[in-house]
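Inspection log for the structure reproduced underneath, given as structure tokens.
Just so it is clear: chains get the letters A, B, ... in the order the sequence lines come, proteins before strands, and each one is counted from 1.
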2 protein chains.
Amino acid sequence: MTSIYIAEDQEMLNSALSAILDLEDDFQIIGSATDGQRALQQIVALKPDIAVLDIEMPQMTGLEIAKQLRDIEQNLKLIILTTFARKEYFEAAVNTNVNAYLLKDSPTDKLVKTIHQVLAGETIFDPVLVSTILSAAKNPLTNQELKILKEFSVGKSTQEIADTIFLSYGTVRNYISSILSKTGTHSRIEALNIAKKNNWI
Amino acid sequence: MTSIYIAEDQEMLNSALSAILDLEDDFQIIGSATDGQRALQQIVALKPDIAVLDIEMPQMTGLEIAKQLRDIEQNLKLIILTTFARKEYFEAAVNTNVNAYLLKDSPTDKLVKTIHQVLAGETIFDPVLVSTILSAAKNPLTNQELKILKEFSVGKSTQEIADTIFLSYGTVRNYISSILSKTGTHSRIEALNIAKKNNWI
DNA sequence: CTAAATATATGACATTTGTCATCCTACTTA
DNA sequence: TAAGTAGGATGACAAATGTCATATATTTAG
């Protein structure tokens, strides 16, 4: 019998998955939470065989939970279950040595199958995810440019950005000009829309 | 026996709900889709007793489906199942006379219960939703201002906005100035962030 | 019917933004 | 060592943006 813990902040999906997995003869749901902090505490306390973790949750993300658990629980198998194929998430997950990374855009059968495969020692990455990552428009922005993009995404003015990252006013404007040129746009809002669409921020 | 159709674009939740509802003795899932167009066609063809509709789906939203179905299928009970408590959605749903409006932030039990209540002739609005709507910061923008906000949210310049909605350049700038003043900001990006946070767009 | 509110428009002004050419300095690298 | 090259900075200019005062119809409310 395999014990499973579910961390998923959308109550409907959380309860639905709990019910479905619990129906499997060899699975037993021993707990679930809709926020990250509680999930981490309970997983440490209950020591399940498998933890299914959503990434975006209140309090603490599934990736943070995975990272902390990796250090203290060697046997625990970690499965990340999330909505979007974001490169940053994926890389973080790979670096944390999670056992599987699945998209919510898969049917529940797939989750069940994945759990079985993980128990058998396999590591599973959703193929849709992998191809999305590989085909995604590569972010052409430098670190500095990305930092500045994030600054003006919250509405800061050039001067405010210059003050927060300790660059001159003119330099910040040069970077912004470069961002606009690389994104093929002529205004901050357009550049932001491009960046969001391509998951650069 | 009650026949149910599910339209929900997130495959994991779709399959999970299908499985769970099908387990109920008196329910039978007769179909499901992950896009709006296909859902509408199949619902018309299969004539279920209940249609559970997500709002945000590719091709066609659940609200559009509900509207079209209301005209041709009087007996069909419509249940809207969605993530966010948005005033516009809620109002549209009420105007379409849907039989229930439930948030995904409820457990599956609640959905099952709601279906039974709807079958008994009741109309159910998620209480969390109703209180959220009532307490939400009221949108202070006029229709024209909102229209202009949406225009510059996609990155259009003042002149481009003026051209698309047939107003003078100066008038558009006045409206934008008014938007900034009402949102307590001094730039379009800040105003956009406020508007998004409060679900005005 | 009048007063107030709306929707639209202008002109004028100060700031901010976007674009460019150029410059300096510290590192690589051929 | 000389020629790049990356990161940062200036100054100058045009265009866009944000702010205000004001004006004129048109509606709406009292």
Would you mind reading off the distance between [X] atom [atom1] and [N] atom [atom2], rounded to a whole angstrom?
{"X": "B/L180", "N": "D/dA16", "atom1": "CG", "atom2": "P", "result": "18 Å"}
{"X": "A/I161", "N": "D/dG8", "atom1": "CD1", "atom2": "P", "result": "15 Å"}
{"X": "A/N143", "N": "D/dG8", "atom1": "CG", "atom2": "C1'", "result": "16 Å"}
{"X": "A/R188", "N": "D/dT17", "atom1": "CZ", "atom2": "C1'", "result": "11 Å"}
{"X": "B/Q159", "N": "C/dT17", "atom1": "CD", "atom2": "P", "result": "20 Å"}
{"X": "B/E190", "N": "C/dT16", "atom1": "CD", "atom2": "C1'", "result": "13 Å"}
{"X": "A/I165", "N": "D/dG7", "atom1": "CD1", "atom2": "P", "result": "13 Å"}
{"X": "A/K147", "N": "D/dG7", "atom1": "NZ", "atom2": "P", "result": "12 Å"}

For B/H116, enumerate each residue passing the ring pair (Phe, Tyr, Trp, His ring centres under 6.0 Å) test, keeping only those at least two apart in sequence or located in another chain. B/F27
Mind checking ring pair (Phe, Tyr, Trp, His ring centres under 6.0 Å) for A/F90 and listing every partner two or more places apart, or none if nothing turns up? A/Y101, A/F125
Check every strand shown and say whether A/S187 touches a base, only sugar-phosphate, or nothing at a heavy-atom separation below 4.0 Å. sugar-phosphate
Exercise: do B/S168 and B/T171 side chains pair donor with acceptor under 3.5 Å: yes
Heavy-atom count around B/N143 CG within 6.0 Å, excluding the residue itself: above 12? no
Does D/dA16 have OP1 or OP2 under 4.0 Å away from a side-chain N or O of B/S157? no
If the cut-off is 4.0 Å, is A/H186 near the phosphate of C/dT19, judged by side-chain N/O to OP1 or OP2? yes
Can you tell whether the side chains of A/K182 and A/E145 come within less than 4.0 Å, N to carboxylate O? yes
Residues B/K104, B/D54: salt bridge by 4.0 Å N-O rule: yes
Would you say the side chain of B/T82 lies within less than 4.5 Å of the side chain of B/E56, judging by non-hydrogen atoms? no
Which parts of nucleotides 6-13 of chain C does protein reach within less than 4.0 Å, heavy atoms only, written one letter per nucleotide 5' to 3' as B for base, S for sugar-phosphate only and - for none? -SSBB---
